[in-house]
Amino acid sequence: MSDETRLRDAMARFGAILYQRGLAHGTAGNLSVRLEDGSILVTPTNSCLGFLDPARISKLARDGTLLAGDPASKEAFFHLAMFEERPSARAVVHLHCTHAVALSCLCHENTANVLPPLTAYHVMRVSRLPLVPYHRPGDRALAAAVRQVARDHASMLLANHGPIVSGRSLEEAVYNSEELEETSKLFFLIGDRPARPLTCEAVEELERVFPS
Ligand code: 13P
């Protein structure tokens, strides 16, 4: 089986898992992976992550030209921007998962990091989470805004929209996305109670021992 076929199958499999776990609904969200030659596979526009047909997943050149499959996600340009700015990234996951989207709708004083380091796994898998200003889905200005923060951040939160999370594999990007949604859920569960996030020393130790 070729690498591309294997990755197409993996996208359908992980898409179905995200859908079954309630992290994707309707036609919201999109997934991408980078192939060895720099082209990418990305989910087709208006497709449901729960029912992807591997053969119809879109294949795009680095400049966004459609090479194969159905018309690509309207967000393909921010996926391409993430890959361009993050050479180590092999996959990007964008979801409209409930708790992270709720977090994206709040007023934030510190837009450089909108989630406190509540747990070790959040620091290990997500780290700092900047808020990207709102732009309409599919707007090239959104891809430009994503590009601006992508070099320094593997994950980010689009205002009034949802998270974008990258990883060194599709598996890693999916697991990082799940961690981000779970930490957002914890954030709302804790609510106004006085929380005790990890100390700066604990965060630094995690970043040293588990570099992203
Ligand atoms: P697409 O159906 O074009 O992938 O768009 C869905 C989405 O999540 C927009 O942000």
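This is a predicted model, so every value here is computed, not measured. Counting starts at 1 for both ligands and their atoms, in listed order. FYI, the numbering just counts along the sequence from 1.
The protein heavy-atom contact nearest to atom 7 (C) of ligand 1 is N30 ND2, 3.4 Å. The protein non-hydrogen atom at the shortest distance from atom 3 (O) of ligand 1 is T45 OG1, 2.6 Å. Of the protein's non-hydrogen atoms, the one nearest atom 8 (O) of ligand 1 is G29 N, 2.8 Å. The shortest contact between atom 5 (O) of ligand 1 and any protein heavy atom is with K74 NZ, 3.0 Å. Taking atom 2 (O) of ligand 1 as the reference point, the nearest protein heavy-atom neighbour is N46 N, 2.7 Å.
One distance of note links CG of L103 with CG of L115; it measures 4.5 Å at 0.5 Å rounding.
At least one donor-acceptor pair closer than 3.5 Å links the side chain of E181 to the backbone N or O of A100. With hydrogens and angles ignored, the 3.5 Å screen pairs no side-chain donor or acceptor of R128 with any backbone N or O of N113. A donor-acceptor pair is defined here as one N or O able to donate and one able to accept, closer than 3.5 Å; such a pair exists between the side chain of S177 and the backbone of A173.
Between T43 and ligand 1, not a single N/O pair is under 3.5 Å apart.
Interface of H96 with ligand 1, defined as ligand atoms under 4.0 Å from a residue heavy atom, comprises 7 (C), 8 (O), 9 (C), 10 (O). If you number the atoms of ligand 1 from 1 as listed, the ones under 4.0 Å from a heavy atom of T27 come out as 2 (O), 6 (C). Short contacts between ligand 1 and H94, defined as distances under 4.0 Å to a heavy atom of the residue, involve ligand atoms 8 (O), 10 (O).
Separation of the H79 and H94 ring centroids does not fall under the 6.0 Å cut-off.
If you check each of R136, E75, H79 against atom 9 (C) of ligand 1, the one with the closest non-hydrogen atom is E75. The residue from G162, G138, S73 that puts a heavy atom closest to atom 4 (O) of ligand 1 is S73.
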*Dump the intermediate steps for salt bridge (Lys or Arg N to Asp or Glu O under 4.0 Å) on R90 and E171, then the final yes or no.*
CA-CA 10 Å; R90 293 304 297 262; E171 193 176 60; over 6 Å; no
*H99 and S184: CA distance, side-chain angles, deciding distance, side chain to side chain donor-acceptor pair (under 3.5 Å) verdict*: CA-CA 5 Å; H99 297 86; S184 306; over 6 Å; no
*Check step by step if side chain to side chain contact (heavy atoms under 4.5 Å, CB included) holds for F14 and V33.*
CA-CA 12 Å; F14 277 109; V33 298; over 6 Å; no
